[in-house]
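Reviewing the structure listed below.
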There are 2 protein chains.
Amino acid sequence: MVPIVSIVGKSGSGKTTLLEKVIKELTKRGYTVGILKHDAHGFEIDHEGKDSWRHKKAGASTVALSSQEKFAVIKDVKSEWAPERIICSYLADSDVVITEGYKTSRFPKIEVLRKAHSTKPVCTGSRELRAFVTDVKLKTKLPIFGLNDYKGVAGFIVREIIKKESSQTVSLVVDGTPVGLKPFIDDLIREGVTGMIKSLKGCSEARDIELRIKKR
Amino acid sequence: MVPIVSIVGKSGSGKTTLLEKVIKELTKRGYTVGILKHDAHGFEIDHEGKDSWRHKKAGASTVALSSQEKFAVIKDVKSEWAPERIICSYLADSDVVITEGYKTSRFPKIEVLRKAHSTKPVCTGSRELRAFVTDVKLKTKLPIFGLNDYKGVAGFIVREIIKKESSQTVSLVVDGTPVGLKPFIDDLIREGVTGMIKSLKGCSEARDIELRIKKR
């Protein structure tokens with residue numbers, strides 16, 4: 001699984017601004033950053049009247065747009081997808097994925113707390129909490145970074161999240177559910193699949209394998 | 001590979017309007033439709049000032065948004081991705097993918113030609129051309145549908161594209177390049193991977209397997 005860290009904190013605490021600076025800093029250091037934002041209230045991203053909007057409205061379950069610089073995919077879901085599923089399927093090519101707004105997830109967390117806004121952490125007692133970014137004096141053994149110390153936060157993410165992530169490199173999603181793999185199974189699948197495709201043209205030195213098997 | 005058909009025709013020929021009706025009809029018949037639109041001129045989908053826009057601008061290579069009804073992914077690419085790659089990685093869960101604007105691809109094609117706009121097909125001689133949707137009298141052995149005959153076009157797509165697609169159910173992308181598989185290799189990979197994961201919890205009856213292996 002790709003290394004994941006979640007930035008949490010009350011609405012208005014400054015998560016987005018911090019994240020913006022941390023993304024810049026991590027990108028500067030050569031890391032590819034993926035962002036997953038949870039939007040409890042829904043969002044509109046497509047523009048009314050555009051082709052993609054018309055096709056979506058006509059019933060297409062997925063609409064993708066591709067150009068030379070980027071592409072976009074908009075997909076309807078029957079119920080909200082688990083963040084692990086989205087990350088496995090759509091963000092697995094990042095060096096690190098930072099999520100925003102998944103307070104109850106099991107991802108390691110960094111909480112943003114701004115005195116002018118609130119002095120009570122939302123994550124106290126959470127085993128996954130790894131650090132605070134705050135101007136509040138807190139009694140905690142966890143590292144505390146100042147609100148503007150984006151370099152400190154980026155360094156912490158590199159040290160404690162990206163570099164500490166296990167060497168597991170296999171992501172498996174079965175019928176929409178991410179499947180956790182023990183090291184032995186991880187090895188078996190990696191070696192097995194790499195071996196099976198090795199003799200195919202252009203696959204002898206495969207570094208990134210995406211495989212999808214679907215029964216119709 | 002998921003069944004694919006490309007709607008082609010000059011700009012202004014009526015592709016989007018036809019597509020809209022065909023999507024509605026296929027959806028009504030129970031098919032899950034994915035759309036891939038090629039935009040030679042680039043596109044803007046994100047809204048300036050929004051969080052996702054800010055994160056993208058800060059350098060995030062991928063930004064994903066998730067809500068209860070849908071999710072969206074916006075991704076930067078260094079050079080344009082082949083449509084096969086996007087389809088393998090992002091649209092493989094559709095029953096059929098309809099592309100718009102990939103004139104030179106090898107997908108089976110349906111050309112839209114509207115007399116008021118042009119009387120010369122753009123795809124003459126293309127081996128992949130399967131039908132016309134037009135009000136022009138053409139000398140051709142291919143089926144011709146009227147401009148408003150979206151039911152005929154949808155039926156044609158079901159008969160000639162969805163149902164005729166080979167039973168191949170394995171999509172493989174290696175280091176960003178889709179890899180074509182001969183039936184024997186397809187079987188080997190499908191049986192091999194299904195066998196390896198069969199004993200994992202919840203995987204004994206797997207219908208849809210997504211696997212990603214990445215060397216860091």
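Owing to the predicted nature of the structure, the values given are computational and were not obtained by experimental measurement. A note on names: the letters A, B, ... follow the listed sequences, proteins ahead of strands, and every chain is numbered from 1.
Contacts of A:L91 with chain B are made by side-chain atoms alone, with heavy-atom separations under 4.5 Å and no backbone atom involved. Looking at A:T27, only its side chain comes within 4.5 Å of chain B, counting heavy atoms on both sides. In this structure, the portion of B:I86 lying under 4.5 Å from any heavy atom of chain A is its side chain and not its backbone. Only the side chain of A:I185 comes within less than 4.5 Å of a heavy atom of chain B; its backbone N, CA, C and O stay farther away. Contacts of B:S61 with chain A are made by both backbone and side-chain atoms, with heavy-atom separations under 4.5 Å. With a threshold of 4.5 angstrom between heavy atoms, A:T16 approaches chain B through its backbone and through its side chain. Within the 4.5 angstrom heavy-atom criterion, no atom of A:E25 approaches chain B.
Remark: B:Y150 OH is loosely packed, at most 12 non-hydrogen atoms of other residues, nucleotides or ligands lying under 6.0 Å away. When the shell of 6.0 Å around CZ of A:R29 is examined, it contains more than 12 heavy atoms from other residues, nucleotides or ligands. The environment of B:K103 atom NZ is sparse: at most 12 non-hydrogen atoms of other residues, nucleotides or ligands sit within 6.0 angstrom.
Considering all non-hydrogen atoms of both residues, B:I23 and A:G59 come closest at CG2-C, 3.8 Å. Heavy-atom minimum distance, A:R54 versus B:T17: NH2-OG1, 3.3 Å. Here the closest non-hydrogen pair linking A:S67 and B:V77 is O-CG2, 4.2 Å.
The candidate from B:L19, B:V73, B:V22 with the greatest count of non-hydrogen atom pairs under 4.5 Å with chain A is B:V73. Contact count versus chain B (heavy atoms, under 4.5 Å) is highest, among A:I213, A:I35, A:V173, A:T194, for A:I213. With chain A as the partner, the residue from B:G34, B:G202, B:G176, B:G101 showing the most heavy-atom pairs under 4.5 Å is B:G34. Most heavy-atom pairs under 4.5 Å with chain B, from the set A:P83, A:A60, A:A64: that is A:A64. No other option in A:T177, A:V33, A:V97 has as many heavy-atom pairs under 4.5 Å with chain B as A:V33. Considering only heavy-atom pairs separated by less than 4.5 Å from chain A, the leading option among B:G192, B:S79, B:A206 is B:A206.
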Could you go step by step and tell me if A:K75 and B:D93 meet the side-chain contact (heavy atoms from CB on, under 4.5 Å) rule? CA-CA 11 Å; A:K75 204 177 187 75; B:D93 57 349; 2.9 Å; yes
Let me see the working for A:K56 and B:K70 under side-chain contact (heavy atoms from CB on, under 4.5 Å), right down to the final yes or no. CA-CA 11 Å; A:K56 200 85 200 38; B:K70 62 182 162 184; 5.8 Å; no
Where do A:Y90 and B:S66 land on the side-chain contact (heavy atoms from CB on, under 4.5 Å) test, with the steps shown first? CA-CA 12 Å; A:Y90 293 89; B:S66 174; over 6 Å; no
Could you walk me through whether B:M196 and A:V193 pass side-chain contact (heavy atoms from CB on, under 4.5 Å), step by step? CA-CA 10 Å; B:M196 276 191 273; A:V193 172; 4.0 Å; yes
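Atom CD of B:E20 sits about 10.0 Å away from atom NZ of A:K57, to the nearest 0.5 Å. One distance of note links CG of A:D76 with OG1 of B:T32; it measures 10.5 Å at 0.5 Å rounding. Between atom CG of residue B:D175 and atom CD of residue A:E210 there is a gap of 9.5 Å, rounded to the nearest 0.5 Å. Atoms NZ and NE2, on A:K24 and B:H55 in that order, are 11.0 Å from each other to the nearest 0.5 Å. Atom OG1 of residue A:T62 and atom CD1 of residue B:I87 lie 11.5 Å apart, to the nearest 0.5 angstrom.
A:V179 pairs with exactly one of B:I197, B:L200, B:I209, B:L211 by the side chain to side chain contact (heavy atoms under 4.5 Å, CB included) rule, that one being B:L200.
The backbone N or O of A:K214 sits nowhere less than 3.5 Å from a side-chain atom of B:D208 that would complete a donor-acceptor pair.
Partners of A:P178 according to the side-chain contact (heavy atoms from CB on, under 4.5 Å) rule, which considers only residues two or more places apart in sequence or in another chain, are A:E84, A:R85, A:C88.
Ring geometry for B:W81 against A:F71 counts as tilted: the plane angle lies between 30° and 60°, on a 0 to 90° scale.
A donor-acceptor contact closer than 3.5 angstrom is absent between the side chains of A:R212 and B:S89.
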